[in-house]
There are 2 protein chains.
Amino acid sequence: MYLWHQYYNYMFSLSEENYLKSIYHLEAIHGKGISTNSIAKKLETKASSVTDMIKKLAEKEVLVYKKYQGVSLTILGRKEATTIVRKHRLWEVFLVDKLNFSWDEVHDVAEQLEHIKSPKLIDELDVFLGFPKMDPHGDPIPDKEGNFQKIEKRLLSTLEEHKTGICVGVNDSSSDFLKYLDKNNISLGQKIKVLSKESFDGSLTILIHSKEITISKKISNNIYIQ
Amino acid sequence: MYLWHQYYNYMFSLSEENYLKSIYHLEAIHGKGISTNSIAKKLETKASSVTDMIKKLAEKEVLVYKKYQGVSLTILGRKEATTIVRKHRLWEVFLVDKLNFSWDEVHDVAEQLEHIKSPKLIDELDVFLGFPKMDPHGDPIPDKEGNFQKIEKRLLSTLEEHKTGICVGVNDSSSDFLKYLDKNNISLGQKIKVLSKESFDGSLTILIHSKEITISKKISNNIYIQ
DNA sequence: AAAAATATTTAGGCTTATCTAAAAAATTAT
DNA sequence: ATAATTTTTTAGATAAGCCTAAATATTTTT
Ligand SMILES: [Mn+2]
Ligand SMILES: [Mn+2]
Ligand SMILES: [Mn+2]
Ligand SMILES: [Mn+2]
């Protein structure tokens, strides 16, 4: 019996919250009807564990589940997931803006902080940070009501030769990937020009900071531009 | 398998941390050899659960346990407990100083935040807050090495008639008690003069903010003065 | 020094969140 | 349309952390 029981009647465990968040992110990419296997892959767990958990979450009416048909979040489920995403991203801003973390160090700590139960905490944090609209990786932060604007963006890999874009986000917040970007001076707001595209492996030679570098398809598939 | 495994090889669960912290606080009052029952009472759990857990913690060498003899923290256990206390109190300062929480609102949230695993987080928080020495309830905050100075203090209930003291701490951080203090304008740094003492029930009539009020023995037993 | 009372431990269960292996359903290939 | 493959579910186990009830040890009272 934990302390946050005084705040909520409807409460989710750390594990349930992680399932909701993962399903939310998967729906954002693939639409409704998220498969057991895709959830298992995202959470690095087994399909059988997922089946167990989605039954439980269906009971709690945060998602709809029909055997062999995958799941979809309900309004309630999406609300809950959005709150977790809001918390995750606000904490990331806090860590970078106030505590001298770099953008590659925040994700894992935010994974823990997003589960802290206190409505006042997160709303006051929002105030304290000046109601930021974006997290350090360019992802939008939902407001108190769960609303946020979807920003226009496309993958760098889809940019044509000789065209220019501005880096506005990343598709992978892992420390490894972000450190690679740092090493190559790629950061949010940076202008990137595609000089040439290798059709064989999809690698790009780009101009950034008036320096030419070649990046693999895997890299350009994880950078968003505008 | 949680994310913090990347930071530590030696890691404690939320529950283990709460046991360590409770035993640490009990040792501060009663010295070595903390009984199973006293731990159970502090953690609002059953003695049989405590026996299970202290066996596990003894295995991990954070405490010494001999059947029927109670437990004592080892150096390692005390170090771990001190870190948790440090985190708890630093978060309390953060909530009050930066997020507009009042001193009666912080404890329950800090109970959650104290379990966040990230050495960088807590040390940067310390920097950000300006290395505070006291939490909002007048309790000392251990530094990075676990050192803190014990401040001179006594219970208000031990102050003689006509003598004056300054409120420097509380023995109970519950919201209920702190709200009572707020209602009666009793806060840290406040001058308190004992006007009279009722020998029958130990209640005190005190002068605070040039107002006379009468408080029960239970209240004066939870206020520290200097 | 017994007897009574209290404290502690042990035994056996329960829940949550996992897992592996096997069964069943759905999809894809022939 | 059948067979092969893949996906999903079910069945049964495990570990952590808790519980109740019973057994045992310690302490207090008589
Ligand atoms: Mn993140
Ligand atoms: Mn992010
Ligand atoms: Mn506290
Ligand atoms: Mn405190």
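Just so you know, these numbers come straight off a predicted model, no measurement behind them. Throughout, protein chains are lettered first and strands after them, A, B, ... in sequence-line order, and every chain is numbered starting at 1.
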Interatomic distance where [atom1] belongs to [X] and [atom2] belongs to [N] [whole Å]:
| X | N | atom1 | atom2 | value |
| --- | --- | --- | --- | --- |
| Glu59(A) | dT15(C) | CD | C1' | 15 Å |
| Leu14(A) | dT18(C) | CG | C1' | 14 Å |
| Leu43(B) | dC19(D) | CG | P | 10 Å |
| Lys46(B) | dA21(D) | NZ | C1' | 12 Å |

Phosphate OP1/OP2 of dC18(D): any Thr45(B) side-chain N/O under 4.0 Å
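Indeed not, no polar side-chain atom of Thr45(B) lies that close.
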Worked check of salt bridge (Lys or Arg N to Asp or Glu O under 4.0 Å) between Glu160(A) and Arg154(A):
CA-CA 12 Å; Glu160(A) 301 81 12; Arg154(A) 50 193 283 212; 3.5 Å; yes
Out of Asp104(B), Asp182(B), Asp172(B), which residue meets the side-chain contact (heavy atoms from CB on, under 4.5 Å) rule with Phe177(B)?
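That would be Asp172(B); it is the only one of Asp104(B), Asp182(B), Asp172(B) passing the side-chain contact (heavy atoms from CB on, under 4.5 Å) with Phe177(B).
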Name all residues meeting the salt bridge (Lys or Arg N to Asp or Glu O under 4.0 Å) criterion together with Asp126(B); count only those two or more places apart in sequence or in a different chain, and write none if there are none.
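Listed in chain order: Arg86(B).
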Checking side-chain contact (heavy atoms from CB on, under 4.5 Å) for the pair Ser38(B)/His30(B): CA distance, chi angles, key distance, verdict?
CA-CA 10 Å; Ser38(B) 65; His30(B) 304 108; 6.0 Å; no
Which letter, B, S or -, goes with each nucleotide of nucleotides 7-12 of chain D from 5' to 3', with contact meaning a protein heavy atom under 4.0 Å?
SSBB--
Would you find a donor on one side and an acceptor on the other, under 3.5 Å apart, between the side chain of Lys87(B) and the backbone of Ile116(B)?
yes
Sole candidate of Glu16(A), Glu111(A), Glu27(A) that passes salt bridge (charged side-chain N to carboxylate O under 4.0 Å, His left out) when paired with Lys21(A):
Glu111(A)
